[in-house]
Amino acid sequence: MPTTREKQEEVEVVVQEMTPQVEGPVRRSSRRTLVPKRLRYSPEETPEEPTIKQQRQEKHNKIKNQKKKVDLKEQDPSDIENSDGAQTSEEYGGLSAYELERLENIRQNKAFLSTLDIFQASEELKWSSKPKPSQRGLMRSQAAQSESLPARRSLRLQNKEAEVLTLPPEPKGTLTYEQPLKKPPGPLPMIPVNLDEGSKLPSQLVELCSESSTEQVKAKLHLKEYRSALSHMKITPGRVAKVVKDRIFSAAFHPCTSSLFMAAGDKWGRVGLWSVESDWGHDGVLLFEPHTRPVGCMAFSTAQPTHLLSLSYDGSLRCMDVEKAVFNDVYDTADGLKTFSFMSDDCLSLLVGNWYGEVAVVDRRTPGNTHESLHTLDQVLRCVSVHPLQKQYFAVAERKTVSIYDSRYLKRNIQPVSQLRGHSLSISSAYFSPCTGNRVLTSCMDGNIRIYDTSALTSEAPLLTAIRHNMNTGRWLTKLSAMWDPKQEDCFVVGSMALPRCVQVFHENGQLQHTFKDDENLTTVLSVTAFHPTRNALLGGNASGRLHAFSD
DNA sequence: ACGTGATGACTCC
DNA sequence: TGGAGTCCCTCACG
C-alpha cells in the first residue's frame, strides 16, 4: 500500500510534466508548492493489494516508485485521477485510434523497460554509493539519554500531589537565551561532556599523552619508497569515528607512536580526543567544550605532549593540560582569533593572528601570558606560519599576497622581507615547509595550490609550481588547505571534492604521488587533513565531526 | 567582481 | 510520524 509520501512524489512528477518546458532542473520545493491539495490525496487512486511482499516491502517500494515515475511520465495529465490504465479504458470505452496507439506504446515501453535491469541497477547504485556512516565515537545524544531515563509516569498515576507549575522568569534582554560569546576565563576544569557527570579522565589518557615520540625522524625517502609507504596505509571501519558533534575546523595528531591518538575541533568550540585503540568514553572518544565558536587551529606541544593548544574564533587561545586536567588561558582578545604558529622549539612562544591582520607574540612563561607586541598589517589575515629554522621569520597569508616578515621588527608599517605574488583570489593557507623552510605551500580560492621557493628570501619569492585543484567547497565545508608531510619535506596532502571521495598527496613539482580512496570508509569530503609527525599515518576530518585515520 | 553570510533535502530510527 | 542526523559541486547581495 503506497504511503502518502509516495503519492506525493507521484503527483510531483506529474506536475513537472504539466509545467511548460523548463530549462534546467526545477527545484523540488518550488514544484511542491504548485501541487493542489486535492490531487495529493485523490480518493480515486486505487491502492495496491496489501497482501504481497511484507518482508521486501521497503526495497520493493523504492523500485516501484521509480517505475511509477517512468510510467506516469508516459501519461497525459488527464490521466492523473486514474493512474490505472486498464480501468480507464473500461470506464471510458471508445478510445480514439490515437489514444489506443498511445496505450500500446506505453505497454511496449513498459515491456522493454522491464527487460532491462535499470531499476535493480539504480537500486544497487543507490546502496553502494551511500553506505551507512560509521557509528563509532559519539553516540546520538538523544538515544544515549533516553536509554538511561526511567519510564515516564504521570504524578496522577503515582497518586502524588500535582506540582505547582510556575512560569520561568521573563528573560531580561535579548541575549539571555543566546549562547554566551565566550567561556569564562580559565583555568576551566577538563570535564568530558560525553561521560556521566562526575566522571574523571581515564588515567590511561594521561599515560598516553605523556608519551612523546619514540621514533627518530626518518631520513627523507626516495619518492618510489614514499609512494610505496603511502600505498600501504589503509583505513578500516575501526579507524573512523565521530569525535566532535559538528563540522571539523581543525585537527591534529598527537606525537605518540604506540597508538593513533588525535584531536579535532568543531564549529561550536568543542574539542574531541580520540584514541583509536582505547575504549574509554565512546569508542575511545572524549569530548570537551573549551570554546564557543569554531576552533580554527590546534596543535599538540612537541616539547610537552600533554599540552594541546587550541584557538577559537571566539577570541580565546587555551592550553589543555591533561596532567592537571584543566584548560588554561594562553591568550584572550575581544577580536576573533584566526590562527597561531609555534615560535620556539619548546612551544612556549607563539605567534597568534586575528582576522584583521593583527599578529601578537605570546609567551606562555610570562605571568598572565601577556603578549609581547602587536602589529597591524592593515590586511586581512588567513594564516600565519613561522619559519622552522629561522624562527624570527613568519609568513602571513594576506588577501592576495603572502608576506614574510621579521618578528624582530614588529612595528607599525614594517616592510616584508619577502612576498609571494600571483594569487588572483583570497588565500586560505600558507605554510613553510617543515624541515628547512625552503618552500612555502599556499592554497588559494582561485583553484590553485602553489609552491614558492623561499630559500633565498628575496624581495619576491619565485613561484615553483602551481597545481590546479578544486577549492570550491561551497557553504557547508571547511576550506581545503594543503598541508606538508612533516616526514617528507617536499610532499603534501590535500583533501578533494572529487568523486569518489579521496585524499591526494602531491610532490612539490606537482606530481601526484598517491590517492587515498576507500569505497566503504571514505565516503565524504575530508576538508581537514594532516600527516602524523613520525608514523606513517594520515588523518582527515569531515563536515559531520568524523575523523578518519589511514595507517600502515 | 569578490567576499560574505545565508539551508535544506533526504534518510533513518 | 516527527525529530535528529547527515552532509553537501549555491547564490544573492552589497
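So you know, we letter chains A, B, ... as the sequences are listed, proteins then strands, and number each from 1.
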Chemist: Centre-to-centre under 6.0 Å for His514(A) and Phe516(A), is that the case here?
Modeler: yes
Chemist: Measuring only the P atom in each nucleotide, how far is dC13(C) from dG8(B)? A whole number of Å is fine.
Modeler: 15 Å
Chemist: If each of Arg475(A) and Lys400(A) is mapped to the nucleotide of DNA chain B with the nearest heavy atom, which maps nearer the 5' terminus, i.e. the 5' end?
Modeler: Lys400(A)
Chemist: For dC13(B) and dC8(C), measure between their C1' atoms and round to the nearest Å.
Modeler: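 22 Å, rounded to whole Å.
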Chemist: Separation of Leu499(A) atom CG from dC7(C) atom C1', in whole Å?
Modeler: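 Taking CG of Leu499(A) and C1' of dC7(C), I get 12 Å after rounding.
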Chemist: Can you name the closest pair of heavy atoms from Gly265(A) and Met298(A) and give their distance?
Modeler: N-CE, 3.5 Å
Chemist: Can you tell me if Lys242(A) touches the phosphate of dT6(C), counting only side-chain N or O atoms and a distance under 4.0 Å to OP1 or OP2?
Modeler: yes
Chemist: Using atom P of each nucleotide, how far apart are dG14(C) and dT7(B) to the nearest Å?
Modeler: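 It comes out at 16 Å once rounded to the nearest Å.
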Chemist: Between Leu425(A) and Lys267(A), name the one whose nearest nucleotide on DNA chain B is closer to the 5' end.
Modeler: Leu425(A)
Chemist: By centroid distance (under 5.5 Å) and plane angle (under 30°), are Trp476(A) and dC7(C) in a stacked arrangement?
Modeler: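 No; centroid distance or tilt outside limits.
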Chemist: Heavy atoms under 4.0 Å, any strand shown: does Val380(A) hit a base, just sugar-phosphate, or nothing?
Modeler: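 No contact.
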Chemist: Counting only side-chain N and O atoms of Arg501(A), is one of them less than 4.0 Å from OP1 or OP2 of dC8(C)?
Modeler: yes
Chemist: For dC7(C), does either OP1 or OP2 sit under 4.0 Å from a side-chain N or O belonging to Arg546(A)?
Modeler: yes
Chemist: How far does the P atom of dG5(B) sit from the matching atom of dT6(C), given to the nearest Å?
Modeler: 27 Å
Chemist: For His548(A) and dT6(C), what is the distance between atoms NE2 and P respectively, to the nearest whole Å?
Modeler: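 Distance check: His548(A) NE2 to dT6(C) P gives 12 Å.
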Chemist: Under 4.5 Å between any side-chain heavy atoms of Ser316(A) and Asp332(A), yes or no?
Modeler: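 In short, these two side chains touch, coming nearer than 4.5 Å.
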Chemist: Report the distance from atom CG of Leu522(A) to atom C1' of dC7(C), rounded to the nearest whole Å.
Modeler: 14 Å
Chemist: Between the side chains of Asp314(A) and Arg318(A), is the shortest nitrogen-to-carboxylate-oxygen separation below 4.0 Å, so that they form an ion pair?
Modeler: no
Chemist: Please compare Thr524(A) and Gly474(A) by the position of their nearest nucleotide in DNA chain C and report the one closer to 5'.
Modeler: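 Nearest nucleotide further toward 5': that of Thr524(A).
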Chemist: Rounded to whole angstroms, how far apart are CE on Met445(A) and P on dC2(B)?
Modeler: 11 Å
Chemist: Using distance alone, with no hydrogens and no angle criterion, decide if Gln419(A) and Thr401(A) have a side-chain donor and acceptor under 3.5 Å apart.
Modeler: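 No, because no side-chain N or O of Gln419(A) sits under 3.5 Å from a partner of the opposite role on Thr401(A).
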Chemist: Let me know the distance between CG of Leu480(A) and P of dC9(C), rounded to the nearest Å.
Modeler: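 In whole Å, dC9(C) P lies 13 Å from Leu480(A) CG.
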Chemist: How many Å lie between CD on Gln135(A) and C1' on dT11(B), as a whole number?
Modeler: 12 Å
Chemist: With P as the reference atom in both, quote the distance from dT4(B) to dC9(C) in angstrom, rounded to an integer.
Modeler: 22 Å
Chemist: If we take the P atom in both dC10(B) and dC11(C), what is their distance in whole Å?
Modeler: 16 Å
Chemist: To the nearest 0.5 Å, what is the distance between OG (Ser481(A)) and CD1 (Ile449(A))?
Modeler: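 Output value for this atom pair is 9.5 Å.
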Chemist: Quick one: is Ser544(A) getting a side-chain N or O under 4.0 Å of the dC7(C) phosphate, OP1 or OP2?
Modeler: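 Answer yes for this pair, as a side-chain N or O of Ser544(A) is under 4.0 Å from OP1 or OP2.
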Chemist: Nearest-nucleotide wise, let me know which of Pro133(A) and Asn472(A) is further upstream toward the 5' end of DNA chain C.
Modeler: Pro133(A)
Chemist: Check the distance between dC8(C)'s C1' and Ile248(A)'s CD1 and give it to me in whole angstrom.
Modeler: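 Spelled out: CD1 on Ile248(A) to C1' on dC8(C) is 15 Å.
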Chemist: Mind calculating the distance between CG (Asp446(A)) and P (dC2(B)) to the nearest angstrom?
Modeler: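 Between P of dC2(B) and CG of Asp446(A): 10 Å.
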